[in-house]
> 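So that we are looking at the same thing, I have put the structure below in structure tokens.
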Amino acid sequence: MTAPDQLAGVRYLVDDVQAAVDFYTTHLGFTVHSNAAPAFADVIRGPLRLLLSGPTSSGARATPADAASSGRNRIHLIVSDLDAEIDRLRTAGLSFRSELVTGPGGRQILLADPAGNLVELFQPARQQP
């Protein structure tokens, strides 16, 4: 396992830590690093450490009240076959927060975790030789 100081960390404030852990590990390929639910857990995917802070965690308590809800920021997960991921997640009962968007850099779609934090699934455009 990668040492924590070698990971990029992102903190998401969540209403239900275990529901967030289940979402990220079941649907998005994260593994549990530590779990102190209901206050806190962290999950890892590659070099990303996602800190899931429940309402009683120190991370949530340090957050100003006017910044406590989920926002427009999101984690960005690269996938090799976006259509297959969309089908797999819809089959699992998940719904998306956006339509599929295509641009010069690739294609993306957004879904939300159980607390409403956004997750972007992104398939890069194929580079022409």
Side-chain angles (χ1 to χ4, degrees):
M1 182 173 282
T2 305
D5 64 346
Q6 298 297 307
L7 299 171
V10 174
R11 183 181 309 277
Y12 269 174
L13 301 180
V14 299
D15 300 324
D16 183 330
V17 170
Q18 192 57 54
V21 167
D22 294 344
F23 174 83
Y24 286 101
T25 59
T26 300
H27 301 297
L28 299 176
F30 284 78
T31 58
V32 174
H33 182 256
S34 68
N35 190 342
F40 173 83
D42 61 330
V43 294
I44 295 175
R45 177 179 163 170
L48 173 60
R49 178 179 176 223
L50 188 56
L51 300 97
L52 304 168
S53 296
T56 62
S57 70
S58 59
R61 292 192 322 265
T63 304
D66 65 348
S69 63
S70 58
R72 297 174 52 108
N73 297 319
R74 57 189 180 243
I75 61 171
H76 171 94
L77 302 177
I78 296 174
V79 300
S80 60
D81 186 342
L82 185 57
D83 295 320
E85 285 297 302
I86 291 169
D87 289 343
R88 182 181 68 79
L89 294 168
R90 281 196 174 127
T91 299
L94 300 180
S95 57
F96 292 88
R97 294 291 314 271
S98 74
E99 297 297 321
L100 181 64
V101 175
T102 301
R107 302 175 336 139
Q108 66 181 338
I109 194 166
L110 300 178
L111 69 151
D113 73 9
N117 295 300
L118 295 176
V119 176
E120 176 183 326
L121 301 177
F122 180 80
Q123 180 179 352
R126 296 213 164 132
Q127 300 297 321
Q128 298 297 323

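Computed from a predicted structure; not experimentally measured. For this chain, numbers begin at 1 and follow the sequence in order.
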> Test of understanding: with ring-ring contact (aromatic ring centres under 6.0 Å, His included), list the residues that count as partners of Tyr12, not counting sequence neighbours.
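Once residues adjacent in sequence are excluded, Tyr12 has no partner under the ring-ring contact (aromatic ring centres under 6.0 Å, His included) criterion.
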> Residues in ring-ring contact (aromatic ring centres under 6.0 Å, His included) with Phe96, at least two apart?
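Listed in chain order: nothing, the list is empty.
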> Could I get the full list of side chain to side chain contact (heavy atoms under 4.5 Å, CB included) partners for Pro55, not counting sequence neighbours?
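None.
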> What residue pairs, at least two apart or across chains, pass ring-ring contact (aromatic ring centres under 6.0 Å, His included) with a residue in residues 36-56?
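Output for this query is empty, none listed.
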> Would Leu50 end up clustered with Ile78 when hydrophobic side chains under 4.5 Å apart are linked, directly or stepwise?
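The answer is no; the residues belong to distinct hydrophobic clusters.
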> Which heavy-atom pair separates Pro114 from Ala19 by the least distance, and what is that distance?
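Heavy-atom minimum between the residues: CG-O, 3.7 Å.
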> Work out which heavy atom in Ala37 is nearest to a heavy atom in Val17; give both atom names and the distance.
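What the structure gives for the nearest pair is CB-CG1, 3.9 Å.
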> For Gln123 versus Asp83, what's the shortest heavy-atom pair and its separation?
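Closest heavy-atom pair between Gln123 and Asp83: OE1-N, 4.5 Å.
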> State plainly whether one hydrophobic cluster holds both Leu48 and Leu111, where clusters connect Ile, Leu, Val, Met, Phe, Trp and Tyr through side-chain heavy atoms under 4.5 angstrom apart.
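Result: yes, single cluster for both.
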> Sequence neighbours left out, what passes side chain to side chain donor-acceptor pair (under 3.5 Å) with Glu85? Give chain and number order.
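Checked Glu85 against side chain to side chain donor-acceptor pair (under 3.5 Å); matches are Arg88.
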> I need the minimum non-hydrogen distance between Ala125 and Pro104, along with the two atoms involved.
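That would be CB-O, 3.6 Å.
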> Which residues pass the salt bridge (charged side-chain N to carboxylate O under 4.0 Å, His left out) test with Arg97, sequence neighbours left out?
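Listed in chain order: nothing, the list is empty.
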> Is it true that Leu77 and Val32 fall in one hydrophobic cluster, defined by side-chain heavy atoms closer than 4.5 Å?
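Same hydrophobic cluster.
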> For Asp16, what residues pass the salt bridge (charged side-chain N to carboxylate O under 4.0 Å, His left out) criterion, not counting sequence neighbours?
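Partners of Asp16 by the salt bridge (charged side-chain N to carboxylate O under 4.0 Å, His left out) criterion come out as none, since no residue qualifies.
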> Residues two or more places apart in sequence or in another chain: which of them pass side chain to side chain contact (heavy atoms under 4.5 Å, CB included) with Ala84?
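Side chain to side chain contact (heavy atoms under 4.5 Å, CB included) list for Ala84, sorted by chain: Asp81.
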> I'd like to check the salt bridge (charged side-chain N to carboxylate O under 4.0 Å, His left out) partners of Asp15; sequence neighbours left out, ordered by chain and number.
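Asp15: no salt bridge (charged side-chain N to carboxylate O under 4.0 Å, His left out) contacts found.
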> Name all residues meeting the side chain to side chain donor-acceptor pair (under 3.5 Å) criterion together with Thr25; count only those two or more places apart in sequence or in a different chain, and write none if there are none.
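By the side chain to side chain donor-acceptor pair (under 3.5 Å) rule, Thr25 matches no residue at all.
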> Distance check, rounded to the nearest 0.5 Å: His33 atom NE2 versus Leu51 atom CG?
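Result: 10.0 Å between the selected atoms.
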> Between Leu28 and Leu121, does the side chain to side chain contact (heavy atoms under 4.5 Å, CB included) criterion hold? Intermediate values first, please.
CA-CA 10 Å; Leu28 299 176; Leu121 301 177; 4.2 Å; yes
> Return the set of residues passing side chain to side chain donor-acceptor pair (under 3.5 Å) with Asn35 (not counting sequence neighbours), or none when no residue passes.
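Counting only residues at least two positions away or on another chain, Asn35 forms a side chain to side chain donor-acceptor pair (under 3.5 Å) with Gln18.
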> Please step through side chain to side chain contact (heavy atoms under 4.5 Å, CB included) for the pair Leu89 and His27, ending with a clear verdict.
CA-CA 7 Å; Leu89 294 168; His27 301 297; 3.7 Å; yes
> Please tell me if the side chains of Phe30 and Leu52 come closer than 4.5 Å, counting only heavy atoms from C-beta onward.
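Sidechains of Leu52 and Phe30: no contact.
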> Any chain of hydrophobic side-chain contacts (each under 4.5 Å) joining Ile86 to Val79?
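Hydrophobic grouping puts Ile86 with Val79.
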> Ser98 and Leu110: which non-hydrogen atoms are nearest, and at how many Å?
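Minimum heavy-atom contact is OG-N, 3.0 Å.
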> Has the side chain of Glu120 got a donor or acceptor atom that lies under 3.5 Å from a matching backbone atom of Ile75?
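No: the side chain of Glu120 does not pair with the backbone of Ile75.
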> Check whether any side-chain heavy atom of Phe23 lies under 4.5 Å from a side-chain heavy atom of Val14, and answer yes or no.
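No, side chains not in contact.
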> Going by side chain to side chain contact (heavy atoms under 4.5 Å, CB included), name the residues that satisfy it together with Thr102, two or more places apart in sequence or in a different chain.
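Scan of Thr102 (side chain to side chain contact (heavy atoms under 4.5 Å, CB included), adjacent residues dropped) gives Arg107.
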> Check whether Asp113 reaches the backbone of Val119 with its side chain - one donor and one acceptor, N or O, closer than 3.5 Å.
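No.
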